[in-house]
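The next block holds one structure in the form of structure tokens; read it before the comments.
Residue numbers count from 1 along this sequence. One-based numbering, in listed order, for ligands and for the atoms of each. In this text, all values refer to a predicted model and were calculated from it rather than measured experimentally.
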Amino acid sequence: MSTALRVAVIGAGRMGADHIERIHHRITGAEVAAVVDIDRPRAEAAIAHIPGAAACTSFQEVMDRGDVDAVLVATPGFLHEDVLLAAIEHGLPTLCEKPLTPDAASSWRVVQAEAAAGRKLIQVGFMRRFDAGYRQLRRLIEEETYGQLLTLHHQHRNPTTPAGFTNEMIIHDTVVHEFDAVRYFTGEEITSVQVRIGRSTRNAPEGQRDPQLVLMETESGVLAQVEAYVNAQFGYQVATQASFETGIVGIGGDTEPYVRTAGTWGGRITPGFEERFREAYDIELQDWADAAARGELGGPSAWDGYATAACCEAGVQAQASGETVAVRLEEKPDLYR
Ligand code: ISE
């Protein structure tokens with residue numbers, strides 16, 4: 001009998017399908033036991049090539065089967081809370097694609113439920129923490145290799161946005177990653193957020209202002225800025241430059257080889273986040289599955305999901321008011337200290 005971690009994947013859309021492939025083909029020690037999607041044919045199509053996996057249309061249906069060890073949530077954020085609370089109740093290790101939930105109040109409810117259960121079960125899918133460059137930069141900051149970190153400069157550029165992508169989503173869907181990255185790099189909470197919007201590209205859809213500059217400050221006074229430019233046309237780019245007392249460190253170059261040939265130099269621009277973070281996603285899932293099999297949890301926690309949700313709320317307020325908005329957090333439960 002297989003001893004693999006039996007994972008229920010909730011949501012068979014873009015990220016769900018990507019993770020199903022990853023579990024089935026690229027990581028070890030885990031298998032797709034069930035796929036849940038309200039669209040049954042989509043759930044069935046997702047497991048068609050996976051012997052023994054079940055297609056379900058609700059989380060309850062999977063729980064009633066009683067044969068899964070872990071949960072991977074890849075539905076839109078507004079559907080996360082109920083599944084997360086149920087997973088905590090059943091004591092199931094869960095990897096939840098970002099955001100934890102769409103707002104700080106519901107994220108705080110998840111944190112409180114987990115704290116009451118007394119055990120970390122929820123990991124949030126901030127996959128940048130598993131990227132080699134991100135890890136190297138964090139080590140340089142921790143070890144003060146070039147002295148103290150002073151400022152962080154992030155570029156987060158997408159080629160275009162899907163239909164219906166609003167100004168608020170530039171904060172919730174795009175800059176959410178830098179909120180987490182700044183917290184990860186510095187090991188500190190973000191205390192305030194400001195958003196400046198200047199000239200906008202004519203390639204932005206009606207009503208959307210793009211690019212937006214987001215400035216944040218951490219507890220010890222590190223300033224971090226993000227250029228979120230989501231209709232940049234040329235391709236995808238997520239890069240960071242860090243200024244230290246005795247050095248400047250850059251991470252996030254393109255992943256394709258740099259070639260000189262026939263009188264030209266250069267390479268292919270990374271087209272999207274799946275390609276840019278493919279390895280980070282693989283490591284994230286492998287680490288999560290290994291830890292879950294041992295009954296542990298190692299990656300970004302529900303507290304990290306809650307803290308970034310609070311930053312996003314401050315960011316959306318800052319967008320609307322033009323003011324610098326303070327980020328207010330509840331007291332951190334002992335479980336996350
Ligand atoms: C997308 O929603 C993501 O979550 C990706 O990680 C991010 O890099 C991308 O820019 C977002 O649009």
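- Looking at E168 and H172, their side chains never bring a donor and an acceptor atom within 3.5 Å of each other.
- Considering both main-chain and side-chain atoms, N158 comes within under 3.5 Å of ligand 1 through a nitrogen or oxygen pair.
- Residue contacts with ligand 1: Y236 is included, with a non-hydrogen atom under 4.0 Å away.
- No part of H172 comes within 4.0 Å of ligand 1, judged by heavy-atom distances.
- Looking only at side-chain heavy atoms (C-beta outward), N231 and T161 come within less than 4.5 Å of each other.
- Taking the six-membered ring for Trp and the full ring otherwise, the centers of Y134 and F185 sit less than 6.0 Å from each other.
- Atoms of ligand 1 lying under 4.0 Å from any heavy atom of M127, numbered from 1 in the order shown and given with element: 6 (O).
- The residue from R209, Q212, Q208 that alone fulfils the side chain to side chain donor-acceptor pair (under 3.5 Å) condition with N167 is Q212.
- Residues E189 and R183 are paired through a salt bridge, judged by an N-O separation under 4.0 Å between the basic side chain and the carboxylate.
- Among protein heavy atoms, atom 6 (O) of ligand 1 sits closest to H177 NE2, 2.9 Å.
- Remark: aromatic rings of H177 and H154 are distant, center separation not under 6.0 Å.
- Using a 4.0 angstrom heavy-atom cutoff, D173 counts as in contact with ligand 1.
- Distances below 4.0 Å separate heavy atoms of K98 from the following atoms of ligand 1: 2 (O), 3 (C), 4 (O).
- At least one heavy atom of H156 sits closer than 4.0 Å to an atom of ligand 1.
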